[in-house]
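Computed over heavy atoms, backbone and side chain alike; hydrogens, waters and symmetry mates excluded. Letters A, B, ... are given to chains in the order of the sequence lines, protein chains preceding strands, and every chain is numbered from 1.
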Amino acid sequence: MVELVVFVLMGGGALAGGVTVIKARNPVYSAMGLLGTLFAIAVLYVMQLAHFVAAVQVIVYAGAVLTLFLFVIMMVGVDKEEDVRETIPHQRRLALALGLIAIGIVVSLVARGRFAWVPVASAAADPQATNGTVQALAEPMFTDWVLAFEATALLLTIAAAGTIALASFRRPVADTAAERTGV
Amino acid sequence: MSLVVTSGWYMTLAAVLFALGALGILIRRNALVMFMCIELMLNAVNLTFVAAGRALGNLDGQLAVFFVLVVAAAEVVVGLAIIVAIFRRRQSASVDELSELAG
């Protein structure tokens with residue numbers, strides 16, 4: 001019963017946040033909507049005993065990624081109106097129809113199948129088997145998944161190096177000045 | 001009558017969130033907002049992973065989330081660096097202006 005109440009509240013929060021992300025005119029509001037969704041999903045992780053995942057979600061997503069987003073929004077400028085001219089005819093209406101159809105398919109699947117496509121093992125299985133404590137996650141992480149873990153380290157190093165290269169790369173001054181005047 | 005919240009509920013919520021993110025990608029022009037929609041979709045996938053791991057009774061779903069998380073973080077860092085670099089040249093974050101890249 002508790003799980004149902006939390007699911008409805010947090011699920012509603014996550015959906016409201018998602019709608020805010022795509023509807024808000026101001027990118028800062030979009031970022032705030034995303035923040036709400038991230039926190040709601042973190043609570044849903046806790047409900048599924050994924051404790052460490054929830055903690056990492058709050059620290060990495062809400063802490064680091066969203067801060068980076070807000071930083072760039074402030075840098076790029078929030079006062080600019082979004083260009084609403086349509087380069088592809090009827091693009092917005094078609095996109096809206098497509099998106100609503102996709103959501104409608106999900107809803108109709110649920111209404112007819114009543115979640116039947118998912119095995120009901122969760123009720124029978126031992127809940128302690130999926131209790132995501134740090135210790136429980138670390139053991140497979142550094143045995144079965146160690147290759148993926150190393151690949152991840154390589155990816156992060158490459159991303160960091162690439163970002164530094166992107167940030168420090170400058171063209172000669174005369175060149176950029178000519179481009180700004182439209183030549 | 002007892003309503004038990006099964007993994008299917010979480011997966012349904014994740015599917016709707018994913019559809020919302022895809023819808024945002026289609027209708028928005030601001031590169032930053034499009035990036036946020038990508039984050040939304042990645043989060044929906046993470047929620048599906050956790051729910052699937054719970055339904056199957058093992059921890060692999062939760063481990064997969066970490067790798068998705070790392071890829072998302074790397075993608076945001078590089079993507080935002082590109083947006084800032086473009087903004088420095090063009091003073092705009094609208095993806096329509098980038099069609100000039102096509103040559």
Side-chain angles (χ1 to χ4, degrees), chain A residues 3-4 7 11 14-15 18-19 21-22 27 30-31 34 37-38 41 44-45 48 50 53 56 60 65 68-69 72-73 75-76 82-83 87 92 95-96 98-99 102-103 106 110 115 117-123 125 129-130 132 136-137 140-141 145 148 152 155-156 159 162-163 166-167 179, chain B residues 3-13 15-17 19-24 26-30 32-33 35-37 39-40 43 46-47 50-51 53-60 62-63 65-67 69-74 76-78 80-85 87 89 93-94 96:
Chain A
E3 189 171 8
L4 180 69
F7 179 83
L15 288 178
V19 172
V21 171
I22 64 173
S30 291
L34 189 63
T37 305
L38 296 178
I41 288 179
L44 293 179
Y45 287 157
Q48 301 182 82
V53 175
V56 171
V60 174
V65 170
L68 200 62
F69 262 116
V72 173
I73 290 170
M75 195 170 162
V76 168
E82 187 168 326
D83 185 8
T87 39
R92 248 157 238 268
L96 200 64
L98 264 177
I103 294 175
V106 174
V110 171
F115 314 109
W117 75 90
V118 179
V120 247
S122 56
T130 55
L137 285 174
M141 173 78 92
W145 293 68
T152 312
L155 173 73
L156 276 179
T163 309
L166 269 173
E179 188 171 282
Chain B
L3 272 173
V4 180
V5 182
T6 62
S7 296
W9 293 46
Y10 291 102
M11 289 187 191
T12 308
L13 176 68
V16 175
L17 279 176
L20 272 178
L23 179 63
L26 288 173
I27 61 176
R28 294 303 295 260
R29 300 290 163 75
N30 190 321
L32 282 164
V33 178
F35 252 98
M36 285 184 220
C37 291
E39 295 303 312
L40 199 61
N43 263 283
N46 282 348
L47 190 57
V50 171
R54 185 189 178 210
L56 296 173
N58 63 35
L59 281 170
D60 288 350
Q62 295 185 28
L63 282 166
V65 169
F66 287 105
F67 298 113
L69 209 84
V70 169
V71 172
V76 163
V77 167
V78 175
L80 288 180
I82 291 173
I83 290 177
V84 169
F87 180 77
R89 297 246 175 108
S94 172
D96 270 355

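- Within the model, atoms CG of B:Asn46 and CG of B:Leu69 stand 6.5 Å from one another, a figure rounded to the nearest 0.5 Å.
- Ring-centre distance between B:Phe67 and A:Trp145: below the 6.0 Å cut-off.
- Looking at A:Ser30, the atoms closer than 4.5 Å to chain B (heavy atoms on both sides) sit in the backbone and in the side chain alike.
- Proximity of a side-chain donor or acceptor of B:Ser7 to a complementary backbone N or O of B:Arg54 within less than 3.5 Å is not detected.
- Looking at A:Leu4, the atoms closer than 4.5 Å to chain B (heavy atoms on both sides) sit in the backbone and in the side chain alike.
- Summarising the geometry, atom CG belonging to A:Leu98 is positioned 11.5 Å from atom CD1 belonging to B:Ile27; distances are rounded to the nearest 0.5 Å.
- When heavy atoms are compared at a cutoff of 4.5 Å, A:Leu96 approaches chain B by way of both its backbone and its side chain.
- Of the two parts of A:Leu34, only the side chain, counted from C-beta on, holds a non-hydrogen atom closer than 4.5 Å to a non-hydrogen atom of chain B.
- Both the backbone and the side chain of B:Val50 come within less than 4.5 Å of a heavy atom in chain A.
- Of the listed residues A:Gly99, A:Pro140, A:Gly11, A:Ala148, the one with more heavy-atom pairs under 4.5 angstrom with chain B than any other is A:Ala148.
- At a 4.5 Å heavy-atom cutoff, B:Ala22 makes no contact with chain A through either its backbone or its side chain.
- For chain A, the nearby part of B:Val84 is the side chain; its heavy atoms alone come within less than 4.5 Å.
- Residues meeting the side-chain contact (heavy atoms from CB on, under 4.5 Å) test with A:Val19, sequence neighbours left out: A:Lys23, B:Leu20.
- Here the CG-CG distance, from A:Leu68 to B:Leu80, works out to 5.0 Å after rounding to the nearest 0.5 Å.
- Using a 4.5 Å cut-off between heavy atoms, B:Phe35 touches chain A through backbone and side chain atoms alike.
- Taking 4.5 Å as the limit, some side-chain heavy atom of B:Arg29 sits within range of a side-chain heavy atom of A:Arg92.
- For B:Asn58, the part lying under 4.5 angstrom from a heavy atom of chain A is the backbone only.
- Ranking B:Ala15, B:Ala74, B:Ala85 against chain A, the residue ahead of the rest is B:Ala74, based on heavy-atom pairs under 4.5 Å.
- Note on B:Ala73, B:Gly21, B:Ala51, B:Gly53: by heavy-atom pairs under 4.5 Å with chain A, the leading option is B:Ala51.
- Remark: A:Phe7 pairs with B:Trp9, B:Tyr10 by the ring pair (Phe, Tyr, Trp, His ring centres under 6.0 Å) rule, at least two apart or across chains.
- In this structure, the side chains of A:Leu137 and B:Leu59 come closer than 4.5 Å at one or more pairs of heavy atoms.
- Contacts between A:Val60 and chain B at a heavy-atom distance below 4.5 Å involve the side chain alone, from C-beta outward.
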